There are 2 protein chains.
Amino acid sequence: MSPRPGIDRLQLLQSAAELADQGGLHAVTLAALAGKLGVRSPSLYNHVDGLSGLHAALTLHGLQTLHEQMLKAVAGRSGEDALRFVCLTYVDFARSHPGLYEAALQPLRPDQQETQRVGNQIVELLLRILTPYQLSEPEALHTVRTLRSLCHGFSSLERSGQFALDLDLDDSLNFMIRIFIDGLHQQNSQR
Amino acid sequence: MSPRPGIDRLQLLQSAAELADQGGLHAVTLAALAGKLGVRSPSLYNHVDGLSGLHAALTLHGLQTLHEQMLKAVAGRSGEDALRFVCLTYVDFARSHPGLYEAALQPLRPDQQETQRVGNQIVELLLRILTPYQLSEPEALHTVRTLRSLCHGFSSLERSGQFALDLDLDDSLNFMIRIFIDGLHQQNSQR
DNA sequence: TTATAATACTAATATGATTAGTTTACGACG
DNA sequence: CGTCGTAAACTAATCATATTAGTATTATAA
């Protein structure tokens, strides 16, 4: 069935992720990846659908990896503890794999349904964490959007160097999480 | 002093912004911009320092425009009203000028001091809005980072199509702002 | 009217994406 | 052990873009 082993797909994705982590997403070129894999660039067309296909594959891979990390983070935790820890894990992922994270949050085209699916899994994971707060369904969904906005915004601004002032970043992150949790409690008690 | 009029810099920036708004930042190429301006691409080197210089110029232009909008938004407003309105204005800017906004939040290189400066102006604007809350200096700075994370995260995720569910986006935005303001009050009363 | 200086141009080179067509190598099967 | 099929890799060629070098142009100022 497989006349020739060829390039391992996982190795391809990891190499692409390394390129992204080192030089940003725009450093992920077919030429660079081919060089890294010891192959000529046209050969990559046997494995990915051109450059845009490579980027799409990296988006999916990044989102899946992020989802796994978040799953591990909430395992055995609940309530405020889980909420806090999943945020810290999210930001840690973005810090440790800046290029892969950048890829993960690229605008997705409507045909990337698998990527959509993983995105939905992340939403569901966050919804599960929020169950103790007994929110209505739309409230819970607004809360998930808020949570994602916070985590992504922080990660993105941090990576872009927009937090330039001499002020501890982890302090800011913890402050932010506290604001969110306090606001959520307040929201809860207002009903 | 000016032997030949040549290309108007504002027109150049506006054309580049249009390209970005229509096709994303990666559609801002020297070739496309030259075509739009009715000129050959090497001619652009008289006005910008190559493609990366063009992107840097667009970053600055975007940040300046965003700052102006935020200034207008807070004029004649104060307290919670100002806070809410500046968030809405921020998100509105990102929606109305997606490409220019994308450019504005590009990672900035250390040599772009003018861009740094405008970023600092935005931070100062937000600090002024927060004065009624009587926060300590580090708290105020953490709060600004939180606010920026919220607004940028929401704008960025919205644009990337990550908020796919059938749930009103403005409702989410207003919910998010309320969570933030409630959390901030809570923070305040805990001291 | 002419000199100057900024601007725009053409030509050429380099890098990367992509396609077409060819060759190679591994595994299955007689 | 040989050969056959298939997927993978290759070379060659084309296209688009960025960039540099060098030349021509043109508006203003003297």
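Bear in mind that the values here come from a model prediction, so they are computed numbers and not experimental data. Reminder, nothing fancy here: chain letters follow the sequence lines and each chain counts from 1.
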Residue-phosphate contact under 4.0 Å: B:His47 side-chain N/O, C:dA8 OP1/OP2: yes
Please pick, from C:dA17, D:dA18, D:dT20, the nucleotide with the shortest atom-to-atom distance to any side-chain atom of B:Pro42. D:dT20
What verdict does the side chain to side chain donor-acceptor pair (under 3.5 Å) test give for B:Thr65 and B:His97, after you've listed the backbone C-alpha separation in whole Å, the side-chain angles of each residue and the deciding distance to 0.1 Å? CA-CA 10 Å; B:Thr65 310; B:His97 310 281; over 6 Å; no
Is there a path of hydrophobic side-chain contacts, each under 4.5 Å between heavy atoms, that joins A:Leu108 and A:Tyr101? no
Over how many whole Å does the gap from B:Ile7 atom CD1 to D:dA27 atom P extend? 15 Å
Take the protein atom NE2 of A:His26 and the nucleotide atom P of D:dA18, then report the distance between them rounded to whole Å. 13 Å
Could you tell me whether A:Phe180 and A:Phe175 have their ring centroids closer than 6.0 angstrom? no
Could you check how far CG of A:Asp8 sits from P of D:dA7, rounded to whole Å? 18 Å
Measure the distance from CG on A:Leu30 to C1' on C:dT19 and round it to the nearest whole Å. 13 Å
Closest to the side chain of B:Thr29, out of C:dA8, D:dA18, C:dT18, is D:dA18
Starting from P on C:dA8, measure out to CZ on B:Arg40 and report it in whole angstrom. 13 Å
How about A:His152 and B:Phe154: are their ring centres within less than 6.0 Å of each other? no
Take the protein atom CG of A:Leu12 and the nucleotide atom P of D:dA9, then report the distance between them rounded to whole Å. 10 Å
Measure the distance from CG on A:Asn46 to C1' on C:dT22 and round it to the nearest whole Å. 13 Å
Is any side-chain nitrogen or oxygen of A:Ser41 closer than 4.0 Å to OP1 or OP2 of C:dA17? no
Do A:Leu173 and A:Phe85 share a hydrophobic cluster, counting only Ile, Leu, Val, Met, Phe, Trp and Tyr and linking them when any side-chain heavy atoms are less than 4.5 Å apart? no
Length of the line joining B:Leu44:CG and C:dT10:P, which is rounded to integer Å: 13 Å
With a 4.0 Å limit, can you tell me whether B:Tyr45 has a side-chain N or O closer than that to the phosphate oxygens OP1/OP2 of D:dT19? yes
Would you say A:Ser43 places a side-chain N or O within less than 4.0 Å of OP1 or OP2 belonging to D:dA8? no
